[in-house]
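Written below as structure tokens is the structure these notes are about.
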Amino acid sequence: MILKGKKVTVVGLARSGVAVSNLLSSLGAKVIATDTKGPDELTGSIGRLERSVHLSLGGHPDIIFLEPDFIVVSPGVPMDIMPLNLARERGIPIISELELSYLISDIPFIAITGTNGKSTTTTLVDLILGKAELKTILGGNIGKALTEEIQKIVVSQQSSVNSQKTIDYGLSTVDYVVAEVSSFQLEGIDTFRPKIASILNITSDHLDRYKSFNDYTNAKARIFENQKEGDFLVLNADDPETVRLCGSRLTGNNPDLPEVFFFSRKKAVEGVYLRDGIIYCNFPKLPLITCPLPLIDSDEIGIKGVHNLENAMAATAIALLAGCNLGAIRETLAGFKGLEHRLEFVEEIRDVRFINDSKGTNVGALLKSLESLNSPVILIAGGLDKDSDFTPLRGAVTEKVKSLILIGKAKDKIAEALNDCTEISYASTMDDAVFLAFEKATAGSTILLSPACASFDMFRDFEDRGRKFKEAVRRLKDA
């Protein structure tokens, strides 16, 4: 993809928008970056931009959407805003950072999506590939912009790059791009075709952005829309929505479809499954291993919880399809202890355990977390509602939650949905919530932060919320 001299408008100046702007500019494109926020609100972003990037802040003037060769839209920007509609009328291509990364890199992609578990699974896959001595670029929704990671390699190789001839950009030594992919990023793809794709699960989320759950599901399904024969798709056999997608879109005698494999906690499948506490690999159509083959005892896996067992099985299937050896998979599964803010153990005070699951930003994530805990739970939940339905929590809350402490703007909506399921209290700050939870806890119980909501009403992001929870727990311990 020749970028030298191309005129590009980049919409949105959060992390990925800055990274896109810098990469395009370093490859010779003429970049205008625009954001509805003004300079005073974007000082951090502006400070990270290359000097050659032009800015249009405090709004989106029509003119910069009517003249570029193409437009790159950041994930947080809806694809139906008026300036983008004007560009579509002119036939100007509108793509996401994910599509741009695919076009530039010309490297096989491993792309992982799902409502929950994406970051853990993506990290596991990248670690396994590294253990198997494969070189990767890790990025996407995981917190590392793909274009930023690509630029690190491009800059180091730029002196030897002739962008008018061989469009390699110094990336030819990379074996795979390992990408955590959100539905927002998939809205802006066109040719994106991952060698290996996976949908971990699909449950209701982001209905503040999508008109319906079906629209959200369709966005997720775009991860495999360009896959063909020779590509692989890994799906959760226990998740009704992913099974439905497979049945409706990947059946028939069309030979030009990806090879589909599954993972399952509940039954034997072609792929990876759990039986009697042991994970088995079963790929009879591929000359990989004798099948079925016992891989690892589930108790030996470093990350705990039923959802993490699913993540480990998905990562195993992906890694095997990528050509990794069994030793690299076993060693990584046993050694990886999990990511911050994902069912993260914080402290134990007077036989009460504190668990930080701030990344649990939707109802499905909270349900999985509750399923993973066997002790009585004092649950801290709430935050910014994403037009969620909280009634699916009723059964699990009634069964597992001894006391529910609510914070944030969604507290009244959650209380209305769960009002007869358990004792409900309210807190105005994270410190108040933690201290109140400890007052209600008894020896052997667990205090769980798993909000089922976004964080932006009280915190910068889910990471800030998780850190504030851990700080409050440590203040409690000191007291």
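- Annotation: K402, atom NZ; neighbour count of heavy atoms from other residues, nucleotides and ligands within 6.0 Å is above 12.
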Next item on the list: Carefully, step by step, assess N308 and I301 under the rule side chain to side chain contact (heavy atoms under 4.5 Å, CB included).
Entry: CA-CA 9 Å; N308 277 327; I301 296 174; over 6 Å; no

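- Between the side chain of R265 and the backbone N or O of E310, no donor-acceptor pair lies under 3.5 Å.
- For T147, the side chain to side chain donor-acceptor pair (under 3.5 Å) partners are E97, not counting sequence neighbours.
- Side-chain atoms of S372 come within 3.5 Å of backbone N or O of V306 as a donor-acceptor pair.
- Taking NZ of K359 as the reference point, atom CZ of R465 lies at 10.0 Å (rounded to 0.5 Å).
- Classified by interplanar angle (parallel below 30°, tilted 30° to 60°, perpendicular above 60°), the ring pair F184/Y210 is tilted.
- Here the side chain of T34 pairs a donor or acceptor atom with the backbone of G59 at under 3.5 angstrom.
- The side-chain heavy atoms of F224 and D231, taken from C-beta on, include no pair separated by under 4.5 Å.
- Put simply, the side chain of S74 never gets that close to the backbone of V77: no donor and acceptor are under 3.5 Å apart.
- Using a distance-only test at 3.5 Å, with no hydrogens or angles considered, no donor-acceptor pair links the side chain of Y426 to the main chain of K411.
- Within the 4.5 Å cutoff, the side chain of L55 has heavy atoms near those of the L49 side chain.
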Note to self: Apply side chain to side chain contact (heavy atoms under 4.5 Å, CB included) to residues I378 and V352 and explain how you reach the verdict.
What the structure shows: CA-CA 10 Å; I378 294 86; V352 175; 6.0 Å; no

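- Ring geometry for F65 versus H60: interplanar angle over 60°, hence perpendicular rather than tilted (30 to 60°).
- Atoms OG1 and CG, on T36 and L13 in that order, are 10.0 Å from each other to the nearest 0.5 Å.
- No side-chain N or O of D461 forms a donor-acceptor pair with one of S455 less than 3.5 Å apart.
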Margin query: Walk me through whether F262 and V234 qualify under side chain to side chain contact (heavy atoms under 4.5 Å, CB included).
Written below: CA-CA 5 Å; F262 294 93; V234 176; over 6 Å; no

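- Taking 4.0 Å as the cut-off between side-chain N and carboxylate O, E241 and R244 count as a salt-bridged pair.
- One distance of note links OG of S450 with CZ of F469; it measures 10.5 Å at 0.5 Å rounding.
- Each of H341, E347, E344 was compared with K470 under the side-chain hydrogen bond (donor to acceptor under 3.5 Å, both in side chains) criterion, and only E344 meets it.
- Between T191 and E99 the shortest side-chain heavy-atom distance falls below 4.5 Å.
- Put simply, the side chain of M79 reaches to within 4.5 Å of the side chain of I94, judged on heavy atoms.
- S358 is not listed as a side-chain neighbour of F459, based on a closest heavy-atom distance of 4.5 Å or more.
- Across all their heavy atoms, E149 and I137 have their closest contact at CB-CG2, 3.6 Å.
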Notebook entry, point to check: After noting the C-alpha distance and the side-chain angles of R350 and F438, does the key distance pass the side chain to side chain contact (heavy atoms under 4.5 Å, CB included) rule?
Noted result: CA-CA 10 Å; R350 296 180 186 171; F438 191 63; 4.1 Å; yes

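- In this structure a side-chain-to-backbone donor-acceptor pair under 3.5 Å is missing from K409 to G382.
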Margin query: Set out, in order, the CA-CA distance, both residues' side-chain angles and the distance that settles side-chain hydrogen bond (donor to acceptor under 3.5 Å, both in side chains) for S96 and Q185, then state yes or no.
Written below: CA-CA 6 Å; S96 64; Q185 291 167 315; over 6 Å; no

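- Within the 4.5 Å cutoff, the side chain of L309 has heavy atoms near those of the I279 side chain.
- Under a 3.5 Å cut-off, the side chain of E41 and the backbone N or O of G38 do form a donor-acceptor pair.
- Checked by atom type and distance alone, the side chain of T422 never pairs as donor or acceptor with a backbone atom of L404 at under 3.5 Å.
- For R342 (side chain) and E340 (main-chain N/O), a donor-acceptor pair under 3.5 Å exists by modelled atom type.
- When each of L235, T113, N116 is checked for a side-chain contact (heavy atoms from CB on, under 4.5 Å) with N201, only N116 meets the rule.
- Remark: of the listed residues T123, N141, T120, N141 is the sole one forming a side-chain hydrogen bond (donor to acceptor under 3.5 Å, both in side chains) with E180.
- Classified by interplanar angle (parallel below 30°, tilted 30° to 60°, perpendicular above 60°), the ring pair Y102/F192 is perpendicular.
- A distance-only check finds no donor-acceptor pair linking the side chain of K386 to the backbone of C453 [under 3.5 Å].
- Inspection of the N236 and T242 side chains reveals no N or O donor paired with an N or O acceptor under 3.5 Å.
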